[in-house]
Structures are given as structure tokens and as C-alpha cells.
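I'd like to ask some things about the structure below.
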Protein chains: 4
Amino acid sequence: MPREVREREMLDAAVATFGQRGYRAASMDEIAELAGVSKPLVYLYLNSKEELFTACIRREADALLAAVRAGVVEPGLAPDEQLWSGLTAFFAHTAENPDAWSVLHRQARTHGEPFAAEVTRMREELVSFVTGLLRDAARATPASPDLADLGDRDVVGIAQALVGAAEALAGWANETPDVSAKEAASTLMNFAWTGLGNLMDGERWPK
Amino acid sequence: MPREVREREMLDAAVATFGQRGYRAASMDEIAELAGVSKPLVYLYLNSKEELFTACIRREADALLAAVRAGVVEPGLAPDEQLWSGLTAFFAHTAENPDAWSVLHRQARTHGEPFAAEVTRMREELVSFVTGLLRDAARATPASPDLADLGDRDVVGIAQALVGAAEALAGWANETPDVSAKEAASTLMNFAWTGLGNLMDGERWPK
Amino acid sequence: MPREVREREMLDAAVATFGQRGYRAASMDEIAELAGVSKPLVYLYLNSKEELFTACIRREADALLAAVRAGVVEPGLAPDEQLWSGLTAFFAHTAENPDAWSVLHRQARTHGEPFAAEVTRMREELVSFVTGLLRDAARATPASPDLADLGDRDVVGIAQALVGAAEALAGWANETPDVSAKEAASTLMNFAWTGLGNLMDGERWPK
Amino acid sequence: MPREVREREMLDAAVATFGQRGYRAASMDEIAELAGVSKPLVYLYLNSKEELFTACIRREADALLAAVRAGVVEPGLAPDEQLWSGLTAFFAHTAENPDAWSVLHRQARTHGEPFAAEVTRMREELVSFVTGLLRDAARATPASPDLADLGDRDVVGIAQALVGAAEALAGWANETPDVSAKEAASTLMNFAWTGLGNLMDGERWPK
DNA sequence: GATGAATGAGGGTTCATTCAT
DNA sequence: AATGAATGAACCCTCATTCAT
């Protein structure tokens, strides 16, 4: 069997095992067995547990970023609709790849460097993606005094909050039966776009 | 030395060690040494690593809940101001107890049952606390058609999103220099109460 | 059983195993079994294979040096008789501790730093011990133009040769039946003190 | 590429690797890579690690013996000058082939049978070569009562000591900067031919 | 003549846990 | 109330060796 194929199978097995057991609790034995190969082959191809885990993180981070970007490509949409598209793609992807999501959201950030750095990279790309959306939206609103008086730090903070809310909802949606990606995205838009204050007054998203 | 005191010292040492190393990487040896006692004594008082970790989680979850509740007790406040108080207390507590926060937010949820259950319990109490606030607020807004048409699931989802956003901001605030609890709370209120849509239009919290 | 005793037993087992198998081929399992303890206890007391081996080398090097020095203490002897005493003690010690001798002469010098350094230290002490003897002898021979025109390097070289010859004879004596320490020492004195050129002419040591 | 050439390249690589790493630490992977061939080819030609190492030892032992014999062929020389020639050749060869010398002197004798036997064979040939020289020399000294009263065992012991001294000096010369083969040989002749007792009295070799 | 793919076996190290005192 | 001594089990990693092509 060609190396490339085997290597992908190993990564699949590793993501599943790491996602379910955690980095430390996952054993190379279990990963090898799940991949249907012997342990030495895993080492031959991926060198060490650390490199294997890093390779998992990188692959899944790239896949998630790609999924979100792909979900938002339709041009000419209003900013809130773009955001909604991205969120829907995000929730759909995490729901379809729960082990990968566990690796990224839980395991990788819990086991120190050099793993956290990989996820921080992804998170920063998501955050900058969101801040881009927000700034675009602000520019497109003529009456707006822009987001200028919020300051860069506030904007980043808000994006962090949005990503964190999305991540929490992803976990909740995965554990709650029958919550579709669209429903999760709508819930989040209600919360994040409309704002609690206006929800109180009966407003809803989409208006 | 009385048992109760020793036990608290052990839990302190355990929270610090688990928080910094993670559940698996923390060794009973290290915890015992940090607590200044011999390993068999740890076992005598706390039975096993699993029970020790569970005790840590439970103690810190209760402490965090208590801190948030204590931050909100002033009666007669407007709902948004109550929310702001609770968030401020939350951010202050997590900033002052980073190891405890690491145990609750990262470690406990990363290492499967029975630990995740403890955190889920805490999270659900936070969520129900927040939903209570929201429902109270809605009742206090006469013009509101209440939150009724949102459905229970939406309300819970929104609360989950709020808690998730708060958790993400807590992490970000801990890693970013000089972000005070009040600043984090204000950022979150801007995001969560005002809503992104209205931020675009120049609105800010507090109005 | 008290720690000190156990530790000595472990070192005994380790010297035997390292001496017979070599550093790499000796397994911690075998050493532990020969010492009658479990492997973790070996690690608890001696930390690692490397430290264990180093401890063996150090202990045996010190023991050998002490044996040689003890063999030479009689004051007032002529230099050649002092040398003969030291050599006899050396051959007796190596014959009685063949595993220790293997560790020092073969294993330690074959497995790079930091082991070789320990043996180099011992060898240098032996060499400086021998050069001391030689210089004393030269001073005590009034007619001698001293060893001055030999230069320091020649003296060290000669001492190295003597130690090397002794080491080779030790190996040969251990493998050849019924070669006593005294016989080996006498053979070496014939070679080293009398010199081949004079042996040819029928001279012998002692004259 | 013809088999013979490939095989020599493999042995070269193996001698270098074994000499530097030691028998156990050298891996077939590293040897194959250094030889520029795939691992199965090494097995095809040399069957196993053990046989490969044995082949290395045999080749280098023969080369060293040949070098010493070649250094001594000039007929009609005095016995001490013949000995000096042989030693010079020995020191020159070991200095030019440090990896080979490491294999013979250190590695081969440190890793038990069947390797030690190969070196013992070589050593015995050296010893019998030297005893031949000595006996020839004794016969050529009319006044000498021959070496008869030394007994065979003494002669062999003396030859062992000489070879051991030469080996020790070879190691010392390799580690000490700027010690030429001739200098090492002269130092050894001073020691071995003249004898320490006469060095004390100011004698030197050559007289 | 030559190799990419693959593995059984074994070694160093760590750790949660217990027993006798 | 407290500990020094000890271990079974498991984990990461390496390596000599083979097979199909």
C-alpha cells in the first residue's frame, strides 16, 4: 500500500483516538491498531507521538478553516448574512467531525506547547476573518461612525467572544439531539447580532 | 495538624499541579511534595487520583459559582446591570485563580467522564442562572412579548453562547496584559447586550 | 531493607551484568532481577541506566586505586620494589574482581562520554602515581642525570605504556590458568624494569 | 556496480560506523545509508549484523597484521631495529585508521563471542611474531644463555605486555596532538628495550 | 542487482497504588 | 497521624530482519 494512503489512514486513526481519549491517554498502540498497522510503521512515517499529534492538529485546523471560508464565498451578501453563512459552515463541520473538533478545541489547547501554538494560529485566523467581516460591515454602513472608537483591542475582544460563543454552541449542539447547524447558527445570530437588549424588546434576527 | 487543614493544603497543591500540568501529566508524587506530605497520606485522605481530581473540580466549581452569585446580589438593579455585575465577578474570580480556572475550563473537560460531568453540572447552573436573569428581565419589560416565542431550547442555547463567550474572554483576558475584569465585562456587554448589528450603527453599552 | 544495603546490592548486580554483557547489551530488567528487586526500585535509587553505569565505574575505579595505593604503603623500599608491590596489588585486585575490571577496562572506555571521562580520571591518577614513583627513583639515583632530558611528554608516554602493559597482562592473566598476581608482576618487572635489551643479555629482575 | 566494489564500500561504511558508535549503537540503517545502498542489499551481501561485524574485524585485523609485517621486512637489521620498525608501522597504521583501530581494540573485545575470538587470533599472531623476533635476537646474541630459563609462559607474557603497551601508546598518541608514529615507537623502545632500571641510570635507546 | 513496505521483539522509563511500621 | 520501601502495568520508542516486487 502506497505511503500516502497509509499516512492518511494513520492520521484518521490518530484524530479519532486523540479526540476521544486525549493526548496523554491515547496510546500509540491503540492508534496503530485502529489504523491497522504495526506501531513501528507509525513511527517510521510520523516520527513521534508529538509530531503525530501536531500533524493531526494542523490537518484538522486547515480543514476547519477551509470549510468556514468555503461557506462564505457567496459575494454580495449583507454582512450579517455572510456571518450566518460562516457560522453555519462552522457548525456543520464540527458536527460532522466531532473527534477533530475535540482535538482542536479541547485536547490541543490543554497540552501546552507546541500544540497550543497550532491552535492559536487557527484561532487567530478565525478571529481576523471575523474582524475583517465586522470592519467591512462597518464601512458599508454610511451612518456609522465606524468601529473606530471601539479600539483595536475591543474589536479583537469581541471577535474572541464570538468565536468562544460559537465554540460553546458547537459543543452544546453536538451533545443536544437534533440541533442542526442552521439552528445553531440562528441561535448565535440572535444572540450576537441582535443583542440581548433588543431580544428583550422582542426583536429577532433576521429582522 | 488537623485533618481538615491538611486536606485543604492537599487540594491547593492538587489544583495548582493539575492546573499547570494537566490531569495525566500531574503526578501524585509532585502533588504530595508540593503539599509537603507523604504520598500515602494523600491516598489516606483522598483515596485515588481520580477522586482527588474530582474533589478539586467540585471545590473550584462551587467557589466560582459562589463568586458569581455574590457579585450579583445587589437588589433593584436593572437586568443589564445585574448581568454586568455577574460577568465582572466571573472575570475577577478567574483572573485571581488561574490554576482553578485551568482545571475547570481546560483539564476537567478534556479528560472524559466522570470529570466532564462535574463541569457540565456547574455550567448548567451558570446557564440556568443566566436564563433566570433573562426571564426576569423579560418579565420586567412590559412591552415585551416575553421570550416565549424563542422556546426553551433557544434560551438555553443563548445562555450557552453567553457562557462560552465569557469563558473565551476569560482566557483572552488572562493572556493579554492589563485587561481588567471590568474591561472584559464591558467588552462582553457591548457584544452580547447591544448586539453586533447595533454596534454597527454606533450604539454602545451602556447607552 | 534499608536503602544503603539495597543500593550496594544493586551496584553489585549492575557491575556483574555490565561487566559480562556490556553497557548496551545489559538490560535494566536483568540487573534488577539479579539484584532481587523490581525495576522501578532501581530507577528510584539510581535514576537512569546512565547514572547507574557511572556509579558502577566510579565505585570500582575508587576501589582499584585504593587497592593499588594500599599495596605500596611500606616505606623505605627501593623504587623497583615499590613498583612491584603496586603491580602485585593491581593484578590481585583485577583477578579477584574480573567483572569490575571488565567494566573499567573494556566497557567504560568503549561507550563514549560521560563514561570514558571517569576512567580517564582513574587512569590519570594511576599514571601520575607511576610518574611519581619514577621521579622519586631518579632523584634517589645520584649518578643519574635525572629524567630531565626525557621531557614530560616522554615520561607520561612511558607511564601510559606501563599501565597499558599492566592492563594487557591483567587480561592475559585472567584468561590463562594459574597465573598468580606475583607471577604477573614479576613478568612485567622483567619486561619493564630490566628491559628487553638486557633480557637478551641474560639479565633478570630482581638482579 | 560489481559486487566486490559494493561489498568493500559497505565494509568501509560499517567500519566507520562501528568504530564511532560501537557495535550495539551502530544501526544497520545508518550503515546502509552511509554506504549509499538500501538495507536489504546489505543483508543480501553480508547476511546479518553479526556477520557484518565479524567481516569488519577480520578485514581490519588482516590489514593491521600485514602493515606490521611489511614494516619489518628489511633483512639484516639488528633485532631492536626490527622491533622499532614493526612498532613504527603499527603506530602509523593505527593513526591512519582510527575507526578500524577502534573496532579492533575497543569494540570487538567489548562485545563477547564470537568477536573477541577474532581479535584474540590477531593478538596471538602479533604475540607470536614478537616472540619470534625475541628468540631470533636471543639466538643472535652468542653470550646469551638464550631465553630458555624464562620459560615459554614468561616469553608469551612479555610479548603480551609489549603488545598491550603498544596498544595503550597508540590510544594515547591518537589523543595527544602531534605525536608521530616514530616518536611513539621511540618512547616505547626506551621503555621496553632499555628498561626502566637503566633509564634511571641515564641510559637511552638507541644507545 | 536492488528496494519500498512492513513488523516482532525488546529496552528504558514512569506512575498510581499498597504494605508494614 | 504518618511514612519509607516497594511494585505491576503500561507507554514511548528502536532495531534487526524479511517479503514482494
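All chains are named by letter (A, B, ...) in the order of the sequence lines, taking the proteins before the strands, and each is independently numbered beginning at 1.
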> Between atom CZ in B:R24 and atom C1' in E:dC15, what is the gap in whole Å?
Replying inline: 10 Å
> Between D:H111 and C:H111, does the ring centroid distance fall short of 6.0 Å?
Replying inline: yes
>> In this structure, how many angstroms lie between the P atom of E:dA16 and the CG atom of B:L46, rounded?
In response: 14 Å
> Do any pairs count as a salt bridge (Lys or Arg N to Asp or Glu O under 4.0 Å) and have a residue in residues 16-36 of chain B, sequence neighbours left out, and if so which ones?
Replying inline: B:R21-B:E30, B:D29-B:K39
> With a 4.0 Å cut-off on heavy atoms, is A:A26 in touch with a base, just the backbone sugar-phosphate, or nothing at all?
Replying inline: sugar-phosphate
> Rounded to the Å, how far apart are A:E4 CD and E:dG4 C1'?
Replying inline: 15 Å
> For B:V37 and C:R6, take the nucleotide of DNA chain F holding the closest heavy atom to each; which residue's nucleotide lies nearer the 5' end?
Replying inline: B:V37
> Which residue, C:Y23 or B:P40, contacts DNA chain E at a nucleotide closer to its 5' end, judged by nearest heavy atom?
Replying inline: C:Y23
> If you walk 5' to 3' along DNA chain F, what is the first nucleotide with an atom under 4.0 Å of a heavy atom in chain B, and what is the last?
Replying inline: F:dA2 to F:dA6
>> Expressed as a whole number of angstroms, how long is the span from B:I31:CD1 to E:dA16:P?
In response: 8 Å
> Within the structure shown, what part of the strands sits under 4.0 Å from A:R3 by heavy-atom distance: base, sugar-phosphate, or nothing?
Replying inline: sugar-phosphate
> Does C:R3 count as lying over the ring of C:Y45, i.e. NZ or CZ under 6.0 Å from the six-ring centre, within 45 degrees of the axis?
Replying inline: yes
> Expressed in angstrom and rounded to an integer, what is the separation of C:D29 atom CG from E:dG10 atom C1'?
Replying inline: 9 Å
> Can you list the stems that DNA chain F is part of, where a stem is at least 3 pairs in a row, each Watson-Crick or G-U, with both distances below 3.5 Å?
Replying inline: E:2-21 with F:2-21
> For the side chain of A:K39 and the base of E:dT7, is some donor closer than 3.5 Å to an acceptor across the two?
Replying inline: no
> Of C:Y43 and D:G36, whose closest DNA chain E nucleotide lies nearer the 5' terminus?
Replying inline: D:G36
>> Using a 3.5 Å distance criterion without hydrogens, assess whether the side chain of D:S102 forms a donor-acceptor pair with backbone atoms of D:P98.
In response: no
>> Rounded to whole Å, how long is the line connecting atom CG of D:L44 with atom P of E:dG4?
In response: 15 Å
> Got a sec, which residues hit side-chain hydrogen bond (donor to acceptor under 3.5 Å, both in side chains) with C:T94, two or more places apart in sequence or on another chain?
Replying inline: none
> Could you state the NZ-P distance from A:K49 to E:dT13, rounded to the nearest angstrom?
Replying inline: 18 Å
> Hey, is B:E118 close enough to B:R59 for a salt bridge, meaning N to O under 4.0 Å?
Replying inline: no
> So what does A:A32 touch, heavy atoms closer than 4.0 Å: a base, only the sugar-phosphate, or nothing?
Replying inline: nothing
>> Per the salt bridge (Lys or Arg N to Asp or Glu O under 4.0 Å) rule, what does the pair list look like for residues 41-57 of chain A, sequence neighbours excluded?
In response: none
> Would you call C:R121-C:E124 a salt bridge at under 4.0 Å N-O?
Replying inline: no
> Under the salt bridge (Lys or Arg N to Asp or Glu O under 4.0 Å) rule, what pairs show up with a residue in residues 99-108 of chain C, not counting sequence neighbours?
Replying inline: none
